[in-house]
Amino acid sequence: MRLLALDLHRVRLPLVRPFRTSFGEQTVREVLVVRAETDVGVGWGECAADVDPHYSPEFDDGARLVLVDHLVPLLFAAGGELSGAAVADLLRPVKGHRMAKEALEVAVLDAELQAAGVSLAEHLGGVRDAVDVGVSVGITDDPGLLSSWVAEYLDEGYRRIKLKIEPGADIGPVAATRELVGDGFPLQVDANTAYRVTDAEHLARLDEYDLLLIEQPLVEDDFVGHAELARRLRTPICLDESIESLDHLETALALDACGIVNIKPGRVGGLLEARRIHDRCLAAGIPVWCGGMLETGIGRASLVALSSLPGFTLPGDSSASDRYFATDLTEPFVLDDGRLRVPTGPGLGVEVDQDVLARFTVATDHLVPDP
Ligand code: SMG
Ligand code: MG
């Protein structure tokens, strides 16, 4: 197939409630949406990057620049040799920028699979028609507000609660939430790199709350520190930011730095790399689950398809559309008994609502090959 044109839409979608993590608070999801027009049809992708480079070095303005000046020209230069499976190799000359690369891979794959009449889940090797989902709950200084959010999500049927934590907002909220959700209910925490290995003794206090896991307690480069924490805590260590590739995973496995992995296709540069990480974890007996980056329905469709692979045995972060937005860019994903249904239509299996997209788009780049 051949790429004929590529549109980059910058979309600003208000969140239904603020989302605070150890690195900041968001009230709006500002995201790049990719529309790839090919000779076999149109495909869609979404870049996981955020407006600020706080979760990772990637951010919207940087992603836009690298897409416009470097990545998209490489896809145009491929001529008729383009396919979803070829995208990662075509983009390899550009170092890093994994989220920007993944958005392109998904858009090309979506067009290709739509033309072939195959769903993304089927293409990836999915084995489930619905996936268990949890919800990621932001930090708040108001314990009553936190409890009311958690109670609401329990009512809605979410199968697991994840609390964002940071120094000063950890043991207290975890103790209160454990009390609220009851013994045995799946509860986990995510620190987004906010601690140091010298906090090990403090973090070990979380052990008594019987958490499923603690996600990314230390800075992303600190595999050795995570290995030390893994020895000192009973709560399993899960890596998120640290795992940007299969090679990073090999490092973590060699050092026993984690017992569980959060897989985000954007963070690792593509759905196909995400599947390789899944396969390696499955072989190593490491449970995985699918993370989220406050995706719109476009990104959510790919996450849910990925989550249908056999190794995704823990509930994912990608919640129903109404947990994020009053209006999604696609038909909403709706919680059904704590699960999201895996789309069965060809490609991503979702329809982008052009009116909604136009309403929330603040800027567009229209890219075409050089004549
Ligand atoms: O998509 O529901 C979601 C967000 C889940 O907590 C979530 N994501 O570190 O796992 C993580 C964070 C990264 C995004 S914070 C803006
Ligand atoms: Mg995380």
Side-chain angles (χ1 to χ4, degrees), residues 13-31 46-60 98-99 102 131-140 149-150 153 156 158-166 169 173 187-195 211-220 226 236-244 248 258 260-268 274 288-304 306-307 314-325 328-329 332-333 335 340:
L13 277 172
L15 293 172
V16 293
R17 70 174 45 134
F19 188 56
R20 183 174 142 201
T21 66
S22 61
F23 56 79
E25 185 175 67
Q26 278 177 270
T27 54
V28 170
R29 178 68 176 118
E30 189 157 338
V31 62
E46 169 174 347
C47 180
D50 213 336
V51 76
D52 295 311
H54 294 169
Y55 166 82
S56 87
E58 292 191 78
F59 65 110
D60 291 336
R98 293 178 168 94
M99 294 176 175
E102 187 252 359
V131 300
D132 288 1
V133 289
V135 57
S136 175
V137 185
I139 298 168
T140 161
W149 287 345
V150 171
Y153 293 135
E156 291 174 13
Y158 284 102
R159 289 179 176 244
R160 176 273 273 156
I161 297 288
K162 160 168 141 181
L163 293 186
K164 290 292 193 177
I165 58 167
E166 65 184 6
L187 178 63
Q188 64 192 54
V189 293
D190 185 1
N192 289 108
T193 75
Y195 295 87
L211 302 177
L212 269 181
L213 57 91
I214 175 169
E215 183 178 346
Q216 199 68 43
L218 311 179
V219 71
E220 53 271 34
H226 281 103
I237 306 292
C238 171
L239 292 178
D240 173 1
E241 285 91 328
S242 290
I243 307 294
E244 294 185 326
H248 288 165
C258 66
I260 297 175
V261 172
N262 165 335
I263 299 184
K264 291 177 183 166
R267 196 193 65 225
V268 304
V288 304
W289 55 283
C290 188
M293 294 295 291
L294 308 171
E295 281 80 3
T296 76
I298 298 171
R300 191 168 324 286
S302 66
L303 297 183
V304 170
L306 181 68
S307 306
L314 297 172
D317 262 354
S318 203
S319 310
S321 295
D322 68 359
R323 177 257 175 269
Y324 309 94
F325 314 114
D328 206 336
L329 297 183
F333 279 80
L335 203 63
L340 294 182

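Residue numbers run from 1 in the order of the sequence given. Start at 1 and go down the list; that is how both ligands and their atoms are numbered. Quick note: numbers below take in every heavy atom, side chains included, and nothing from hydrogens, waters or symmetry partners. Please read these numbers as outputs of a predicted model, since none were measured by experiment.
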- Using the salt bridge (Lys or Arg N to Asp or Glu O under 4.0 Å) rule, take E166 and R20 through it: C-alpha gap first, then chi angles, then the decisive distance, then the call. CA-CA 10 Å; E166 65 184 6; R20 183 174 142 201; 2.9 Å; yes
- Item | Stepwise side chain to side chain contact (heavy atoms under 4.5 Å, CB included) test for V137 and Y153 | CA-CA 9 Å; V137 185; Y153 293 135; 3.9 Å; yes
- Would F23 and T193 satisfy side chain to side chain contact (heavy atoms under 4.5 Å, CB included), going step by step from the backbone distance to the final call? CA-CA 9 Å; F23 56 79; T193 75; over 6 Å; no
- Should F59 and D50 be marked as a side chain to side chain contact (heavy atoms under 4.5 Å, CB included) after you check the CA-CA gap, both sets of side-chain angles, and the distance that decides it? CA-CA 5 Å; F59 65 110; D50 213 336; over 6 Å; no
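For a threshold of 3.5 Å applied to N or O pairs, the pair formed by D317 and ligand 1 contains at least one separation below that value. Inclusion of S136 in the set of residues having an N or O under 3.5 Å from an N or O of ligand 1 is warranted. Residue contacts with ligand 1: E241 is placed with no nitrogen or oxygen under 3.5 Å of a nitrogen or oxygen of the ligand (distance criterion only). The N/O atoms of F23, backbone and side chain alike, include none that comes under 3.5 Å of an N/O atom in ligand 1. Considering backbone and side-chain N/O atoms, F19 never comes within less than 3.5 Å of an N/O atom of ligand 1.
Near K162, meaning under 4.0 Å from one of its heavy atoms, ligand 1 places the atoms 6 (O), 7 (C), 10 (O), 11 (C). Listed by number with element, the atoms of ligand 1 under 4.0 Å from a non-hydrogen atom of K264 are 9 (O), 10 (O), 11 (C), 12 (C), 13 (C). Counting the atoms of ligand 1 from 1 in the order shown, those under 4.0 Å from a heavy atom of D240 are 9 (O), 10 (O), 11 (C). Set against the non-hydrogen atoms of N192, the atoms of ligand 1 under 4.0 Å away are 9 (O), 11 (C). If you number the atoms of ligand 1 from 1 as listed, the ones under 4.0 Å from a heavy atom of D190 come out as 9 (O), 10 (O), 11 (C).
When distances to the Mg ion (ligand 2) are checked against a cut-off of 2.8 Å, D317 contributes no N, O or S atom below that limit. Distances from the Mg ion (ligand 2) show that D190 has an N/O/S atom below 2.8 Å.
A distance-only check finds a donor-acceptor pair linking the side chain of R160 to the backbone of P315 [under 3.5 Å]. Formation of a donor-acceptor pair under 3.5 Å by the S319 side chain with backbone atoms of G134 is found in this model. Between the side chain of S22 and the backbone N or O of A191, at least one donor-acceptor pair lies under 3.5 Å. Using a distance-only test at 3.5 Å, with no hydrogens or angles considered, a donor-acceptor pair links the side chain of Q216 to the main chain of S242. Side chain of R267 to main chain of G291: no donor-acceptor pair is present (N/O by atom type, distance under 3.5 Å, no hydrogens or angles).
Checked by atom type, the side-chain pair E241/S56 shows no donor-acceptor distance below 3.5 Å.
Nearest protein neighbour of atom 3 (C) of ligand 1, counting heavy atoms only, is Y324 OH, 3.3 Å. Protein heavy atom in closest approach to atom 16 (C) of ligand 1: Q26 OE1, 2.8 Å. Of the protein's non-hydrogen atoms, K164 NZ, 3.2 Å is the one closest to atom 12 (C) of ligand 1. Among protein heavy atoms, atom 1 (O) of ligand 1 sits closest to L294 N, 2.8 Å. When hydrogens are left out, the protein atom nearest atom 4 (C) of ligand 1 is G292 O, 3.6 Å; that is the closest non-hydrogen contact.
Between F325 and L15, the closest side-chain pair of non-hydrogen atoms falls below 4.5 Å. The shortest distance between side-chain heavy atoms of L335 and D322 does not fall below 4.5 Å.
Residue D240 approaches the Mg ion (ligand 2) most closely through its N/O/S atom OD2. If you look at E215 and ask which of its N, O or S atoms sits nearest the Mg ion (ligand 2), the answer is OE2.
Under 4.0 Å from ligand 1, heavy atoms of M293 appear from its side chain as well as its backbone. Using a 4.0 Å cut-off between heavy atoms, V135 makes no contact with ligand 1 at all.
Residues G292 and L303 come closest through the heavy atom pair CA-CD1, 4.2 Å.
In this structure, E215 counts as a contact residue of ligand 1, since one of its heavy atoms falls inside 4.0 Å of the ligand.
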